[in-house]
Q: 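Sharing a structure below in structure tokens format, with a few things to ask.
Protein chains get the first letters and strands the later ones, always in sequence-line order, with residue 1 at the start of each.
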Amino acid sequence: MTETELDILETWLDGELGPVESVELQRRLTAEPDLSATLADLRLEREVREAHFAAMEPSDGETRDFLNRVEANIARRRRWTLYGRFTRATGAIAACMAIGFGIGWIGRGGPVLPANHTSPASAYQVSVSDDSGRVLGVQHFNSADQAREFSDDLRHWQDQQEQIRNGYLVVRSGKF
Amino acid sequence: MADPTIELFETAVRLHSRRLLAIARGIVGTQAAAEDVLQQAILNLYEHRARYDWTEPIGLLRRTVVNEALRTLRTPRMSLVADDHPGRSETPVGGMVDRETMRLVQDAIAELPEHFRAALVLCEYENMPYVEIARILDASVPQVKTWLHRGRRQLGEKLKGFMESKPKGERLKEKRIAREKHTSEEEMP
């Protein structure tokens, strides 16, 4: 069997052979047992590969677990995007406050939660204030949980910034 | 109010993740690496979701996953260790393919160049036309045909001895099953 003949057979199996060539191939398959036997071999190889690829599919449970992990990551990313936007908005003032007081831009009391109910769409808010109590920024949330998570993240970030300023870093992994 | 883009995005991801994981695994070889690939692809798409039309998402999802899989394989520090084949007892061909055969096929496919493997997965698992495969792999149609042809020949050579060593009756049965399936599909290859 030539490489060209094998190529024609595979192209036909892929459904990509033109109509004229397909008619010619079918005529040859009827007349040439060797060609027909080769086609059967190619089909068999293909069946085995199809079975292999089908077995690559995860189960429903595995897919669900995977999707849960991805959703958690996306939720985390959403929070941090929000957080980034918030810190950018207050960043210019925060830099001044950091120089002025030398201890950071978030007030000692940290973020305030929850505060005023402004509207049903943003019933919860986190306010950030400096040491003098001046409000630097306000972020609105639809639920207390979202506001709490944001507040926790902000506190965590604040702690990290202080550690960096004070010159100590915590190494969380022992593996290098 | 919920963002309609996010809703469409989430629906698309939920609907297609299973097949996308299989595509990724067909290219990168292991379940863990496939999950990393798909997760990264999803996160990248999420970041730029506003740029895309999510009413017809499968093409975009496929392309992103394949590109991410190929990128992962090109990363020098990445080393993949083949995990156990899932080896389901019930395969689409009625359980005729045994675990040993599956293992051999898996090993043989893992040895193919990455583009051959990607083309094969898209052609034989996703049943995509050459022109679509070429678009996803950023190649020409003749190039895709060459990859498929060479990939299949390499696999054929690797498995030749094994297929021939199987008992004659078993091979005939497999051929008969394959033939019957073909006949039932009539003129369509």
Q: Strictly less than 4.5 Å between heavy atoms, which residues of residues 118-125 of chain B line up against chain A? Please order them by number.
A: B/Leu120, B/Val121, B/Cys123, B/Glu124, B/Tyr125
Q: Looking at side-chain heavy atoms only, is the closest gap between B/Phe9 and A/Ile74 below 4.5 Å?
A: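 SC-SC contact between B/Phe9 and A/Ile74 confirmed.
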Q: Walk me through it: do B/Gln31 and A/Met56 pass the test side chain to side chain contact (heavy atoms under 4.5 Å, CB included)?
A: CA-CA 8 Å; B/Gln31 181 69 20; A/Met56 298 271 108; over 6 Å; no
Q: Can you find a heavy atom in the side chain of B/Arg18 that is under 4.5 Å from one in the side chain of A/Asp60?
A: yes
Q: In the single-linkage hydrophobic clustering (I, L, V, M, F, W, Y; side-chain heavy atoms under 4.5 Å), do B/Leu60 and B/Ile58 co-cluster?
A: no
Q: Is there a continuous path of hydrophobic side-chain contacts, each under 4.5 Å between heavy atoms, that joins A/Leu13 to A/Val23?
A: no
Q: Give me the atom names and distance for the closest heavy-atom approach of A/Ala51 to B/Met102.
A: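 That would be O-CE, 3.4 Å.
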Q: If you check every heavy atom in residues 140-155 of chain B against those of chain A, which residues fall under 4.5 Å?
A: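 Near chain A, by residue number: B/Lys145, B/Leu148, B/His149, B/Arg152, B/Arg153, B/Leu155.
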Q: Checking B/Ile42 against chain A: side chain, backbone, both or neither under 4.5 Å from a heavy atom?
A: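 Side chain only.
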Q: Residue by residue, which of residues 128-136 of chain B have a heavy atom closer than 4.5 Å to a heavy atom belonging to chain A?
A: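 Within residues 128-136 of chain B, the residues under 4.5 Å from chain A are B/Pro129, B/Tyr130.
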Q: So for A/Glu71, is it side chain, backbone, both, or neither that comes closer than 4.5 Å to the heavy atoms of chain B?
A: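 Interface part for A/Glu71: side chain.
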Q: Side chain, backbone, both or neither: which part of A/Arg64 has a heavy atom under 4.5 Å from chain B?
A: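 Neither the backbone nor the side chain of A/Arg64 comes within 4.5 Å of chain B.
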Q: State, yes or no, whether a side-chain contact exists between B/Leu159 and A/Glu45 at a heavy-atom distance under 4.5 Å.
A: no
Q: Side-chain contact test, heavy atoms from C-beta onward, threshold under 4.5 Å: evaluate it for A/Phe53 versus B/Val105 and give yes or no.
A: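 Contact flag for A/Phe53/B/Val105 side chains = no.
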Q: Under a 4.5 Å heavy-atom cut-off, does chain B meet the side chain of A/Leu42, its backbone, both or neither?
A: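 The answer is the side chain of A/Leu42.
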Q: At their closest point, which heavy atom of A/Pro58 faces which heavy atom of B/Ala22, and how far apart are they?
A: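 Heavy atoms only, the tightest pair is CD-N, 4.5 Å.
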Q: What pairs with B/Asn127 under side-chain contact (heavy atoms from CB on, under 4.5 Å), at least two apart in sequence or on another chain?
A: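 For B/Asn127 there are no side-chain contact (heavy atoms from CB on, under 4.5 Å) partners, ignoring immediate neighbours.
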Q: How about A/Asp65: does its CG atom have over 12 heavy atoms from other parts shown lying under 6.0 Å from it?
A: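 Yes, the 6.0 Å shell around CG holds more than 12 heavy atoms from other groups.
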